[in-house]
Peer 1: 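There's a structure below that I have some questions on.
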Amino acid sequence: MKVKTECKRVLTIRKTFPVFLSVCIFLILLQNNMDTDVSLINRMENDFTLKGFNIRLLDNLEEIEENFSSQYNKTYIFGTNTSTRSKECTRKLPDAIIIGVKKCGTRALLEYLRLNPNIKAAGPEPHFFDRYYHLGLDWYRQKMPKTHDGQLTIEKTPRYFITKEVPERIYNMSKSIKLILVVRNPVTRAISDFTQAVSKGEYNSNVTFQSKAIRRNGTVNMKWSAVNIGLYINHLKRWLKYFVMENIHIVDGEKLISNPLQELNAVQDFLEVPREISGNAIYMNASRGFPCILKQNNTPPYKCFRGSKGRHHSYADSKTLTKLQYFYKPYNNGFYQMVNKYFSW
Ligand code: A3P
């Protein structure tokens, strides 16, 4: 079944429906040799109520056309039971959430997933479970895009991964929700995080990466958020109190740059949607040094991520890098075991 991506198509169906309905009734009457109006109406009662035109529609025109042409059987023409199929585009709570990790490629992943018409993504980060939980689930639902039946709703808020209360809150909303975690070498992630903080003016110009990452006594400053976020095992442990690994998919942030399609195929499989992101839609932009998305009928015909993604990193001296690499090793190894996936960090 081909899923409609635009909710406005439903309006078109509504406008044309009275005409369509008349044709259908006529054909069915014909099929039944116009034997009896009453029995026909009775048989159709499960599908729609004639009075008041409380009609249960199939969600998209193509589906109607497909079923109509294959066999004009009442069940298929008028759609399935109301309990399984809604006639409207609605805002649903998410089926999947990209929970982190900050600076590992979460935005790129979400934008790539939009290329699949079966997936609808919230634009800005909703920050519901970490900041706006007190506003309630209805508020959260309003932040979601409108979807048809069969379309999957997804959002991303990387702060969820490191916020203590979030796993339990998400679990209380849905025990079977699909969670996606993008990871990369925590040392590179820390530099990326620092670079972003500098660009936002959070540190003055004489603050170096080294001065934040390494204490005066030479030990690594685990409490500094740029370092702490990279202790993936510690954060993931909290999630595993509520969710099983089968519900958490790990994306390799480095491969998302070098071979996005491979990572995206795995994500689509995990989300149980057909693989509809074509390799032709994403290409490596040589001048940018990152993949960009090709967009038909657009000027320019591609979309690269803004300057805040794929920045030139702040300087970090090799001694600090080696120290951090060494520091992270046991945590990384524990993380590989926990997720049953190996990375070369
Ligand atoms: P850098 O800016 O350090 O290179 P997030 O969206 O989670 O904040 O992650 C930002 C990171 O996404 C960037 O970090 C970059 O490495 C990575 N990334 C992955 N694919 C990208 C793409 N197509 N364009 C730009 N950055 C991408």
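Just follow the structure's listing: the first ligand is 1, and inside any ligand the first atom is 1.
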Peer 1: Take every heavy atom of Ile257, measure it against each atom of ligand 1, and state whether any distance is under 4.0 Å.
Peer 2: yes
Peer 1: Which ligand 1 atoms does Arg107 reach within 4.0 Å, using its non-hydrogen atoms?
Peer 2: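 Listed by number with element, the hits are 6 (O).
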Peer 1: Which residue holds the protein heavy atom closest to atom 17 (C) of ligand 1, what is that atom called, and what is the gap in Å?
Peer 2: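 Nearest protein contact, heavy atoms only, for atom 17 (C) of ligand 1 is Gly105 CA, 4.0 Å.
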Peer 1: Check if Pro158 has a non-hydrogen atom at a distance under 4.0 Å from any atom of ligand 1.
Peer 2: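 No; Pro158 lies far enough from ligand 1 that no heavy-atom distance drops under 4.0 Å.
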Peer 1: With ring centroids as reference points, do Tyr140 and Tyr132 lie under 6.0 angstrom apart?
Peer 2: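 Ring centroids of Tyr140 and Tyr132 are no less than 6.0 Å from each other.
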Peer 1: Which atoms form the tightest heavy-atom contact between Ser211 and Thr208, and what is the distance?
Peer 2: OG-O, 2.7 Å
Peer 1: Look only at interatomic distance and state if Lys156 has a nitrogen or oxygen under 3.5 Å from any nitrogen or oxygen of ligand 1.
Peer 2: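 So ligand 1 has no N or O lying under 3.5 Å from an N or O of Lys156.
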Peer 1: Test of understanding: given a 4.0 Å heavy-atom threshold, classify the contact between Cys104 and ligand 1 as side chain, backbone, both, or neither.
Peer 2: backbone
Peer 1: Return the closest protein heavy atom for atom 7 (O) of ligand 1 as residue, atom name and distance.
Peer 2: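 The answer is Thr106 OG1, 2.6 Å.
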Peer 1: Near Ala108, which atoms of ligand 1 are under 4.0 Å from a heavy atom of that residue?
Peer 2: 19 (C), 20 (N), 21 (C)
Peer 1: Looking at atom 24 (N) of ligand 1, what's its closest protein heavy atom, distance included?
Peer 2: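 Nearest neighbour among protein heavy atoms for atom 24 (N) of ligand 1, to 0.1 Å: Phe305 CD1, 3.2 Å.
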Peer 1: Quick test: of every protein heavy atom, which one is nearest to atom 2 (O) of ligand 1, and how far off is it to 0.1 Å?
Peer 2: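 Its nearest protein heavy-atom neighbour is Gly310 N, 2.7 Å.
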Peer 1: Measure the acute angle between the ring planes of Phe335 and Trp345, then classify it against the limits of 30° and 60° as parallel, tilted or perpendicular.
Peer 2: parallel
Peer 1: Please name the pair of heavy atoms, one in Tyr160 and one in Trp239, separated by the smallest distance, quoted to 0.1 Å.
Peer 2: O-CZ2, 3.2 Å
Peer 1: Heavy atoms only, cut-off 4.0 Å: how does Phe194 contact ligand 1, side chain, backbone, both, or neither?
Peer 2: neither
Peer 1: Just going by heavy-atom distances, which of His312, Glu254, Lys309 is nearest to atom 25 (C) of ligand 1?
Peer 2: Lys309
Peer 1: With a 4.5 Å heavy-atom cut-off, do Lys120 and Lys146 have their side chains touching?
Peer 2: no
Peer 1: Verify the neighbour count for atom NZ of Lys341: are there more than 12 heavy atoms of other residues, nucleotides or ligands below 6.0 Å?
Peer 2: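 Enclosed.
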Peer 1: Is it true that, when you exclude Gln337 itself, more than 12 heavy atoms of the residues, nucleotides or ligands shown sit nearer than 6.0 Å to its CD?
Peer 2: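 No, CD of Gln337 has 12 or fewer neighbouring heavy atoms, counting only those of other groups under 6.0 Å.
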Peer 1: Testing the basics here: between Ile119 and Leu113, what is the closest heavy-atom pair and its distance to 0.1 Å?
Peer 2: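 Answer, listing the atom of Ile119 first, then Leu113: CB-O, 3.7 Å.
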Peer 1: Taking distance alone, with no angle check, do Phe290 and ligand 1 share an N/O pair under 3.5 Å?
Peer 2: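 No, no N or O pair falls under 3.5 Å.
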Peer 1: Any ion pair linking Glu125 and Arg159 (charged N to carboxylate O, less than 4.0 Å)?
Peer 2: no
Peer 1: Show me which atoms of ligand 1 lie under 4.0 Å from any heavy atom of His313.
Peer 2: 1 (P), 3 (O), 4 (O)
Peer 1: Does Asp269 pair with Arg275 as a salt bridge, N-O distance under 4.0 Å?
Peer 2: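 Counted as a salt bridge, because a side-chain N and a carboxylate O are separated by less than 4.0 Å.
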Peer 1: To the nearest 0.5 Å, tell me how far Asn234 CG sits from Ile229 CD1.
Peer 2: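 Between atom CG of Asn234 and atom CD1 of Ile229 there are 12.5 Å.
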Peer 1: Is there a polar contact, in the sense of an N or O pair closer than 3.5 Å, between Lys103 and ligand 1?
Peer 2: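 So ligand 1 has an N or O lying under 3.5 Å from an N or O of Lys103.
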Peer 1: Any idea which heavy atoms bring Val227 and Phe327 closest together, and the distance?
Peer 2: CG1-CE2, 3.9 Å
Peer 1: For ligand 1, is any non-hydrogen atom under 4.0 Å from Gln196's backbone (N, CA, C, O), its side chain (CB onward), both, or neither?
Peer 2: neither
Peer 1: Write out the residue and atom name of the closest protein heavy atom to atom 14 (O) of ligand 1, then the distance separating them to 0.1 Å.
Peer 2: Arg184 NH1, 3.2 Å
Peer 1: Report yes if some N/O of Pro291 lies less than 3.5 Å from some N/O of ligand 1; otherwise report no.
Peer 2: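 Yes; the residue has a nitrogen or oxygen that sits under 3.5 Å from a nitrogen or oxygen of the ligand.
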Peer 1: Identify, by atom number and element, the atoms of ligand 1 in contact range of Tyr112, meaning under 4.0 Å from any of its heavy atoms.
Peer 2: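 Per the distance check, 23 (N).
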